[in-house]
Amino acid sequence: MSSSSSSPSSLSPVPTEECLVGDAQLSGTDGVLQVNGGEEELPDDELENACSDDDDSVCSSRASSTASITFVSSVEEPMSLEAEDDREEKSALVPSLFPFIPPTLYFSTAHEKVELLPVEQRRLLKWKISTVTPNVVKHTIVRSHFKVTKSNHDWLGCWGRHMKSPGFKALEEHQKLNHFPGTFQIGRKDRLWRNLSKMQVRFGKQEFSFFPRTFILPQDIKLLRKAWKDGGSKQKWIIKPPASARGIGIQVIHKWTQMPRKRPLLVQKYLHKPYLISGNKFDLRIYVYVTSYDPLRVYMFTDGLVRFASCKYSSSMKTLSNKFMHLTNYSVNKNNSEYQANSDDKACQGHKWALKALWQYLGSKGVNTTLIWEKIKDIVIKTIIASEPYVNSLLKMHVQTPYSCHELFGFDIMLDETLKPWILEVNISPSLHSNTALDLSIKGKMIRDLLNLAGFRIPQKEDVVPPCSSTSSSTSSLCLGNKERSKPDLSADEKVKRAFYLTQRYADQDFFSTVLDVLTPEDVRVLAETEDEMNRRGEFERVFPSPSSSRYLRFFECPRYLNILLDQWEQKYWSNRTKGISLLRTLCQKGVHVGTSDPAHIVRNQRRTLNELVNFPALLHSSCLSRVVVSHHHRSHHDDDDDDDDASEREVSSVSPGSSVTSSACASPQPSLTQSLLPQQLASLGTSGLVFFSPILYSSHSG
């Protein structure tokens with residue numbers, strides 16, 4: 001099923017603008033980014049070989065310290081002084097929806113300007129520039145009046161490469177880095193397919209049929225030989241290095257003799273019947289943003305990029321070596337003399353379109369684009385869930401506070417002739433290179449909304465300067481409550497509630513809806529943070545949690561209490577958010593989110609749950625702790641080639657498909673639940689009645 005419309009029209013490339021910056025400052029259309037000392041990489045930055053970035057991003061080696069910041073091949077919207085003066089001024093801070101919760105910093109596009117904070121607060125706005133920080137990020141932080149620092153302790157944000165997991169230990173509680181540890185589990189091609197295959201074995205092809213059959217060599221060589229023989233001489237295969245980017249090393253082949261022998265490879269059945277527009281193959285770059293893994297919160301940007309191959313598609317075996325026909329990577333096709341650029345985000349022309357332009361084009365052909373988007377959301381959610389146990393294990397091991405990590409993913413999706421979406425790969429460092437007005441329009445808005453969603457907060461001064469320095473009253477007032485960012489120790493009461501809801505195998509919706517009956521301080525904190533995020537989402541759409549996300553809870557390797565909490569909150573308040581927000585405002589006004597002795601928010605004071613909780617000690621030993629298994633004791637044979645992984649990452653390595661081993665991430669939120677609850681606290685939960693607790697609901701191994 002292909003469109004027969006006219007060929008994309010020719011469009012002259014937009015001239016690029018090179019902005020070289022002097023040693024002392026970065027001058028732009030929006031202001032000046034001062035440099036405190038030289039540029040410096042992150043501390044302990046051992047980089048993953050996973051700069052998965054097919055759009056010609058800067059994946060350069062580490063540079064020596066320098067005071068200059070260079071903008072290369074970037075387009076910034078031209079703006080006259082008059083236009084600059086006419087821009088709408090935005091407040092530098094976004095207030096929380098709730099009392100006694102601090103505001104977050106506002107980020108803008110070039111069409112807005114951000115007010116100046118008082119000098120005391122402005123001095124705290126420090127950013128760590130990496131050698132791979134994209135220009136679109138640099139321009140965005142300039143507009144919010146950030147300065148660059150080379151210090152390791154006083155920066156608030158950094159956009160850099162992925163680090164080895166132990167490197168995350170260097171992050172301080174006020175700092176936010178654009179990665180989570182362990183996301184290479186979907187960012188490397190071999191790990192992505194290994195983890196999706198494991199999910200397919202566990203849950204069936206009906207749920208996980210959105211990726212082509214894949215073999216990882218040399219481990220799967222015998223299975224590949226059999227599949228090759230069964231496929232016949234007309235079967236096409238695509239081979240990819242497991243950790244490459246930008247189309248490097250990718251080939252489409254059909255003869256066994258064409259198979260490289262001396263290096264690790266990914267071999268997949270080639271999707272040989274793609275949906276075509278004007279005879280050209282294309283794929284979609286979908287921007288996915290995860291603000292938290294526990295609870296899991298996933299957003300998708302509503303716009304994106306459509307990248308076309310620059311030669312008309314043919315299924316002939318004679319064309320398989322033509323990369324301009326079979327690969328859609330911009331970094332490949334830009335080298336074709338026939339490549340046509342496009343700078344109009346609303347135009348269906350050239351070899352790169354905006355995603356919204358594609359939806360409009362397909363809609364004009366009678367295609368149900370909403371259905372396609374829903375299928376892509378399904379792929380995104382399931383793929384992120386596949387990485388969840390690994391990431392949460394490493395977060396607990398190496399990261400002080402969940403505030404410190406967030407991550408943008410680039411999902412590459414292809415539509416076949418029936419308009420079914422297939423996942424091609426996931427990029428953990430998606431290109432933000434903006435060399436045309438089209439790129440800048442989409443990526444500029446996306447980065448603005450992403451940084452606003454991230455929720456950067458001004459830290460208390462004593463957190464980022466030597467302790468002997470005094471803190472002004474204005475700073476303290478502005479940052480009220482910021483100390484709550486680090487994850488507090490759960491009270492014994494909160495641990496009781498979590499264990500109770502995590503250990504019910506045969507519970508139904510009516511049972512889980514009771515999780516909202518008694519909201520603990522941590523419940524209120526998480527719900528308020530989630531609603532604040534939702535309020536700052538811009539053009540992002542939150543896809544998890546959602547009113548329909550209950551169906552995805554069974555795909556988690558082990559259940560998470562906060563996922564259950566947010567799922568029930570969405571089901572109850574999605575159609576009337578005002579009511580839910582009003583409830584949380586009342587609770588925050590009372591200070592519940594910072595801790596309370598109010599009996600209404602203490603589980604053991606609720607008579608209805610008393611008898612249900614008396615068998616809690618037995619519950620902990622028989623149900624909860626028995627499921628805590630460190631999976632590195634059951635490593636798959638696939639892990640023998642993981643030379644690039646450090647020891648801690650091996651602790652959460654992939655297990656063989658179908659294995660009953662669970663990740664150490666399945667441990668309860670606090671490492672030793674029984675040890676942290678005193679006998680008298682357990683006894684206070686009740687004195688009569690016994691309840692039998694079955695294994696955990698949503699266990700992938702339950703009947």
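Small disclaimer: the values here were computed from a predicted structure and weren't measured. No hydrogens, no waters, no symmetry mates; every other heavy atom, side chains included, goes into these values. Numbers here are sequence positions counted from 1.
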| request: Report yes or no: does Arg194 contribute a side-chain atom to a donor-acceptor pair with the main-chain N or O of Ser197 at less than 3.5 Å? | output: no

| message | Can you confirm whether Lys189 sits close enough to Pro241 that some side-chain heavy atom of one is under 4.5 Å from a side-chain heavy atom of the other? | response | no

| message | Looking at Gln360, I want to see if its CD is surrounded by more than 12 non-hydrogen atoms of other residues, nucleotides or ligands under 6.0 Å. | response | no

| Shortest non-hydrogen contact between Gly455 and Tyr403, atoms and distance | O-CE1, 3.5 Å

| message | Hydrogens and angles aside, do Tyr552 and Asp378 bring a side-chain donor and acceptor to less than 3.5 Å of each other? | response | yes

| Quick one: does Asn333's side chain have a donor or acceptor within less than 3.5 Å of a partner on Leu327's backbone? | yes

| Do Leu192 and Thr383 come within less than 4.5 Å of each other through their side chains, counting heavy atoms only? | yes

| query | Can you find a heavy atom in the side chain of Leu271 that is under 4.5 Å from one in the side chain of Pro212? | reply | yes

| query | Can you find a heavy atom in the side chain of Pro264 that is under 4.5 Å from one in the side chain of Asp190? | reply | no

| With a 4.5 Å limit on heavy-atom distance, are the side chains of Leu305 and Lys443 in contact? | yes

| Heavy-atom donor-acceptor pair, Arg536 side chain to Leu453 backbone, under 3.5 Å | yes

| request: State which residue, out of Leu177, Val288, Thr183, fulfils the side chain to side chain contact (heavy atoms under 4.5 Å, CB included) condition with Glu407. | output: Thr183

| said: Here's a test for you: under side chain to side chain contact (heavy atoms under 4.5 Å, CB included), which of Ile186, Leu196, Asp412 qualifies with Ile423? | reply: Leu196

| said: Students often mix this up, so state it plainly: with edges at 30° and 60°, are the rings of Phe208 and Phe210 parallel, tilted or perpendicular? | reply: tilted

| query | In terms of ring plane angle, is the pair Phe456 and Phe107 parallel, tilted or perpendicular, where the classes change at 30° and 60°? | reply | perpendicular

| Any donor and acceptor pair, going by atom type alone, linking the side chain of Ser144 with main-chain N or O of Ile141 inside 3.5 Å? | no

| task | Show your working on side-chain contact (heavy atoms from CB on, under 4.5 Å) between Gln258 and Leu320 and close with a plain yes or no. | result | CA-CA 12 Å; Gln258 297 172 311; Leu320 296 186; 5.8 Å; no

| Parallel, tilted or perpendicular, as decided by the 30° and 60° cut-offs, for the rings of Phe544 and Phe556 | tilted

| field | Criterion side chain to side chain contact (heavy atoms under 4.5 Å, CB included) against Trp574, the qualifying member of Pro547, Pro545, Ser546 | value | Pro547

| field | Heavy-atom donor-acceptor pair, Asp416 side chain to Trp422 backbone, under 3.5 Å | value | no

| said: Is any side-chain heavy atom of Ile376 closer than 4.5 Å to one of Phe411? | reply: no

| request: Please identify each residue that fulfils salt bridge (charged side-chain N to carboxylate O under 4.0 Å, His left out) with Arg297, with sequence neighbours left out. | output: Glu529, Glu533

| message | Before you tell me yes or no, could you show the steps for Asp449 and Lys445 under salt bridge (charged side-chain N to carboxylate O under 4.0 Å, His left out), namely the whole-Å CA-CA distance, both residues' side-chain angles and the distance that decides it to 0.1 Å? | response | CA-CA 6 Å; Asp449 290 347; Lys445 288 184 292 186; over 6 Å; no

| field | Lys/Arg N to Asp/Glu carboxylate O, Lys377 vs Glu541, below 4.0 Å | value | yes

| task | Give a yes or no on whether Lys420 atom NZ has more than 12 heavy-atom contacts from other residues, nucleotides or ligands under 6.0 Å away. | result | yes

| query | Between Asn392 and Phe180, does a side-chain contact (heavy atoms from CB on, under 4.5 Å) hold up when you go through it step by step? | reply | CA-CA 9 Å; Asn392 270 319; Phe180 290 93; over 6 Å; no

| What's the shortest heavy-atom distance between Pro421 and Ile413, and which atoms? | CB-CG2, 3.7 Å

| Exam field: side chain Lys312 to backbone Ser278, donor-acceptor pair closer than 3.5 Å | yes

| Test log, rule side-chain contact (heavy atoms from CB on, under 4.5 Å), inputs Phe409 and Ile428 | CA-CA 5 Å; Phe409 299 89; Ile428 58 175; 3.9 Å; yes

| message | Less than 6.0 angstrom from the centroid, inside 45 degrees of the normal: does Lys352 satisfy that with respect to the ring of Tyr330? | response | yes

| What class does the angle between the rings of Tyr289 and Phe540 fall in, given that below 30° is parallel, 30 to 60° is tilted and above 60° is perpendicular? | tilted

| Distance-only, no hydrogens or angles: does the Ser404 side chain make a donor-acceptor pair with backbone N or O of Gln175 under 3.5 Å? | yes

| field | Short side-chain to backbone donor-acceptor contact, Arg143 and Thr109, under 3.5 Å | value | yes

| note | ring-ring contact (aromatic ring centres under 6.0 Å, His included) filter on Tyr299, not counting sequence neighbours, yields none

| task | Indicate, with yes or no, if the rings of Trp353 and Phe282 have centres closer together than 6.0 Å. | result | no

| task | Say whether, by atom type as modelled, one donor and one acceptor occur between the side chain of His351 and the main chain of Gln340 under 3.5 angstrom. | result | yes

| Mind checking what makes ring-ring contact (aromatic ring centres under 6.0 Å, His included) contact with His326, not counting sequence neighbours? | Tyr270, Tyr313

| task | Answer whether the closest heavy-atom distance between the side chains of Leu156 and Phe146 falls below 4.5 Å. | result | yes

| said: Using the rule given for side-chain contact (heavy atoms from CB on, under 4.5 Å), can you reason through His433 versus Asp439, listing the C-alpha separation, both sets of side-chain angles and the distance that settles it, and then say yes or no? | reply: CA-CA 8 Å; His433 195 60; Asp439 288 312; over 6 Å; no

| task | Please check if the side chain of Ser387 supplies one atom and the backbone of Gln185 the other of a donor-acceptor pair under 3.5 Å. | result | no

| request: Answer whether the closest heavy-atom distance between the side chains of Asn178 and Leu450 falls below 4.5 Å. | output: no

